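The structure displayed is predicted, hence computed values, not measured ones.
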Amino acid sequence: MGKTQIAICTAAVAQTEGYPRTLIISPPHLVYKWRREIKETVPNARVWVLNGADTLARLLQLRQWVKVGETRDVPEFFVLGRVRMRMGYEWQHAFATTRLRGRHEDSGETYSHEVLACPRCGTVYRNADGYPFRHTQHLPEQRLACQHVHLDADGKALKVCGEQLWTLVRKEALKNKRKLVADALKQLPTIGEKTADRLLNTFGEDMLGEMLADNIHEFTNLMDDSGNLVFNDRQAERMERALSKAEFSLGQGGYQPTEFIKRQLPDGYFGLLVVDEAHEYKNADSAQGQAFGVLAAKARKVLLLTGTLMGGYADDLFYLLWRANPRRMIEDGYRYKHRSLGSSVMAFMRDHGILKDVFKTTSGGSHKTARGQKTSQRTAKAPGFGPMGICRYVLPYTVFLKLRDIDQNVLPPYREHYVEVAMDGEQRDAYDTLSAELTAVMKKALAKGDTTLLGVVLNALLRWPETCFRPEAVRHPRTRDTLAAVPALYADGELTPKECRLLEVCKAEQAKGRRVLVYTTYTGTQDTSQRLKQMLGSAGLRTDVLRSTVSTEQREDWILDRVDRGIDVLICNPELVKTGLDLLEFPSIVFMQTGFNVYTLQQAARRSWRIGQRLDVEVFFLGYADTAQTACLALMAEKIAVSQSTSGDMPDTGLDVLNPNGDSVEVALAKRMLEKV
């Protein structure tokens with residue numbers, strides 16, 4: 001029983017208790033999965049998918065129902081994809097044209113120009129100086145209205161025209177529905193150009209378009225005139241997986257649904273707002289986070305769903321709390337000051353988080369009568385969230401439900417292992433030299449108050465052990481001067497110590513009949529995935545790489561297709577699979593690197609530890625000893641400990657051995673007390 005089903009049941013109960021209609025904000029690749037699970041869980045439920053280009057038409061229908069006071073007796077759910085959660089809408093100028101004729105006063109020559117005019121009254125649109133506009137590109141970037149004043153026979157003003165001189169932008173593809181449906185069909189597995197044409201000729205674009213938009217199960221069970229199923233069982237299974245998370249734009253629109261809900265639907269029209277993966281809306285200035293705040297204000301109740309409530313810092317919760325429960329925040333004095341929440345965020349951090357005030361004193365200057373000192377101060381945040389904050393903002397409004405609370409036998413054992421890898425002699429010498437040179441340069445820059453090199457040096461020290469098979473030259477981001485350089489240490493086919501350890505793990509898991517999922521964060525300009533694929537393939541392991549070019553909605557089917565082909569190892573960036581995917585076929589997971597994102601790490605590490613998993617899940621974190629990688633993993637362990645403390649969990653993971661605060665007497669005693677409860 002996951003978050004989705006719990007939220008659906010909660011919404012169904014709320015609707016029977018007087019909270020009509022539930023609006024769900026979902027990740028884009030899970031929109032149709034929500035629709036499917038609602039249909040399977042709530043009898044007679046009506047589900048509106050507000051995710052395609054037909055969203056505006058559906059919202060206009062809702063507004064019409066509001067005006068006439070129409071109500072429905074069946075439970076209603078509205079599923080909105082996160083990518084549609086923005087304010088505003090795409091628009092363009094909309095003018096008629098008329099021909100303006102006249103004579104130049106100076107030369108006496110006649111002219112005839114086509115100029116912009118109001119579509120209703122025909123008045124030529126002019127600028128402040130009285131000159132007409134001939135092209136829309138010269139118009140101001142704002143929505144205009146005709147201000148022409150109509151006069152009566154006596155010359156008295158009657159009314160202003162008021163015609164809106166703009167319109168929504170509509171997609172050209174919407175003019176050809178057959179092409180639109182054909183393109184949608186070809187997104188599905190096993191359907192190509194010829195199959196799509198045959199389906200369109202047999203069933204028509206109207207029938208197929210309606211099925212894709214609102215009845216995907218009927219589509220997978222299509223029958224021909226003879227009563228035979230069009231798709232075999234394997235085709236139907238693959239298409240159903242794809243359709244559960246596909247997005248099809250089969251209508252009209254361009255107006256953002258969040259903007260429409262804000263302006264056109266009454267407050268409280270949605271009794272409950274369900275926000276899936278709520279931690280994605282924690283950022284201060286993201287368009288989706290601001291849109292979430294607007295929707296939360298329009299609903300009577302808000303239900304947030306997340307498996308990773310916070311990332312270790314107190315301000316991770318501030319904007320979630322501000323948008324979901326602003327009344328409590330305002331009561332505690334956190335509010336806008338000079339149209340900014342910056343001071344409130346700092347106050348929240350000081351009250352409930354950890355802020356480090358760093359003072360720096362320099363001497364050597366002289367005044368007329370005494371030697372002088374200069375003191376500077378800077379403030380930095382650190383991982384931590386105080387118990388008062390947890391009791392005030394988390395515990396009264398939060399339900400922490402673990403699978404072990406439902407049934408101890410729901411999931412198999414889950415174990416994490418930190419594997420420390422020793423560098424070989426040449427690699428260690430090169431790393432120590434590189435580290436010493438870069439650290440010295442960075443210290444000099446920091447002494448001058450220049451933090452430009454901070455990120456450059458840290459990223460280089462983290463990355464170089466992984467990419468030491470190619471030459472490395474670290475350059476200053478502004479001057480482009482070379483700060484340090486290291487030659488390539490390993491030739492093609494020659495394995496680094498960490499690659500040797502990875503190969504040992506993969507071979508051992510293959511011998512047990514277990515597939516391995518390998519995470520590497522370097523898949524862009526510093527790509528390591530292709531080298532890992534060649535290395536594992538040379539050792540007899542069937543390996544493939546999942547790249548970002550595989551669209552979000554097709555990734556699960558892509559992975560299952562590789563599993564059907566007998567893959568042993570899958571390599572990918574953890575960002576590609578961190579949410580929504582149940583990778584039950586890969587009970588063993590290896591992190592070559594973790595990155596800095598606690599949310600991504602916690603989500604990616606549990607991709608195969610899901611309901612339906614029958615094998616023990618083993619997660620390995622590989623890190624070079626006595627390097628920046630180890631320090632990074634230690635910081636991640638500390639942030640995970642803080643993150644889990646907000647949900648009542650004492651961390652007990654493979655990375656916990658790197659957390660110096662985690663081995664304190666207080667934590668050890670607390671763990672023992674919890675085990676006895």
Side-chain angles (χ1 to χ4, degrees), residues 1-52 54-55 58-59 61-62 65 71-85 210-221 237 239-248 250-251 257-258 261 265 269-278 280 292 295-296 298-307 399 401 406 552-553 556 579-582 610-612:
M1 192 179 199
K3 299 190 298 294
T4 304
Q5 288 182 320
I6 294 175
I8 292 171
C9 294
T10 302
V13 172
Q15 292 196 31
T16 61
E17 295 297 323
Y19 291 87
R21 292 171 292 273
T22 300
L23 177 62
I24 299 167
I25 302 173
S26 163
H29 57 291
L30 301 180
V31 169
Y32 284 92
K33 185 177 181 181
W34 268 95
R35 181 191 183 282
R36 182 184 64 195
E37 296 201 16
I38 293 171
K39 288 283 191 180
E40 293 174 351
T41 306
V42 182
N44 303 319
R46 176 70 190 274
V47 184
W48 299 66
V49 176
L50 306 178
N51 204 51
D54 57 346
T55 298
R58 300 190 177 204
L59 289 172
Q61 184 178 354
L62 291 182
W65 288 356
T71 58
R72 300 174 67 87
D73 296 330
V74 299
E76 286 190 288
F77 295 83
F78 301 81
V79 186
L80 175 63
R82 188 175 66 219
V83 295
R84 303 281 295 175
M85 253 185 64
E210 184 177 349
M211 288 182 179
L212 290 175
D214 199 50
N215 199 339
I216 58 176
H217 296 290
E218 186 176 338
F219 176 78
T220 58
N221 294 312
E237 181 182 356
M239 283 192 293
E240 187 169 335
R241 285 201 303 262
L243 284 165
S244 69
K245 55 187 76 69
E247 298 179 62
F248 300 115
L250 302 174
T258 308
I261 292 171
L265 297 182
Y269 181 76
F270 297 104
L272 180 66
L273 172 66
V274 177
V275 186
D276 196 8
E277 303 297 344
E280 298 284 354
F292 157 57
L295 294 178
K298 299 291 286 188
R300 293 167 60 186
K301 298 290 183 182
V302 180
L303 176 63
L304 307 181
L305 309 178
T306 179
V399 175
L401 184 61
I406 303 173
T552 306
E553 63 273 8
E556 185 174 26
T579 59
L581 297 182
D582 298 337
R610 318 286 286 179
I611 295 177

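A heavy-atom distance below 4.5 Å is found between the side chains of L59 and L50. A 4.5 Å side-chain heavy-atom check between I8 and E37 finds at least one atom pair inside the cut-off. Looking at F78 and V47, their side chains never come closer than 4.5 Å, going by heavy atoms from C-beta outward. Proximity of L80 to T258: side-chain heavy atoms (C-beta onward) are separated by under 4.5 Å at one or more points.
L272 contributes atom CG, which lies 13.0 Å from atom CD of E17 (distance to the nearest 0.5 angstrom). Between the CD1 atom of I24 and the OG1 atom of T22 there is a distance of 6.5 Å, given to the nearest 0.5 Å.
Remark: the backbone N or O of V74 is not paired with any side-chain donor or acceptor of R46 at under 3.5 angstrom. A donor-acceptor contact shorter than 3.5 Å is absent between the side chain of K301 and the backbone of G271. Using modelled atom types, one side-chain atom of Q15 and one backbone atom of E76 make a donor-acceptor pair closer than 3.5 Å. Between the T16 side chain and the V13 main chain, a donor and an acceptor come within less than 3.5 Å of each other.
A pairwise comparison of heavy atoms in A45 and I38 identifies CB-CG2, 4.0 Å as the closest pair. Closest of all the heavy-atom pairs between T306 and A278 is CB-N, 4.1 Å. When all heavy atoms of S26 and D276 are compared, the closest pair comes out as CA-CB, 4.3 Å. Closest non-hydrogen pair, F77 versus A12, comes out as CZ-N, 4.4 Å. Minimum interatomic distance between V49 and R35 (heavy atoms only, all atoms of both residues): CG2-CD, 3.8 Å.
You'll find the ring centres of W48 and W34 outside the 6.0 Å limit.
Screening L265, V275, L273, V302 against L23 for a side chain to side chain contact (heavy atoms under 4.5 Å, CB included) leaves a single residue, L273.
Within a 6.0 Å sphere centred on NZ of K298, heavy atoms belonging to other residues, nucleotides or ligands number more than 12.
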Walk me through it: do I25 and L295 pass the test side chain to side chain contact (heavy atoms under 4.5 Å, CB included)? CA-CA 10 Å; I25 302 173; L295 294 178; 3.6 Å; yes
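The side-chain tip of R300 points at the ring of Y19 from less than 6.0 angstrom away and within 45° of straight on.
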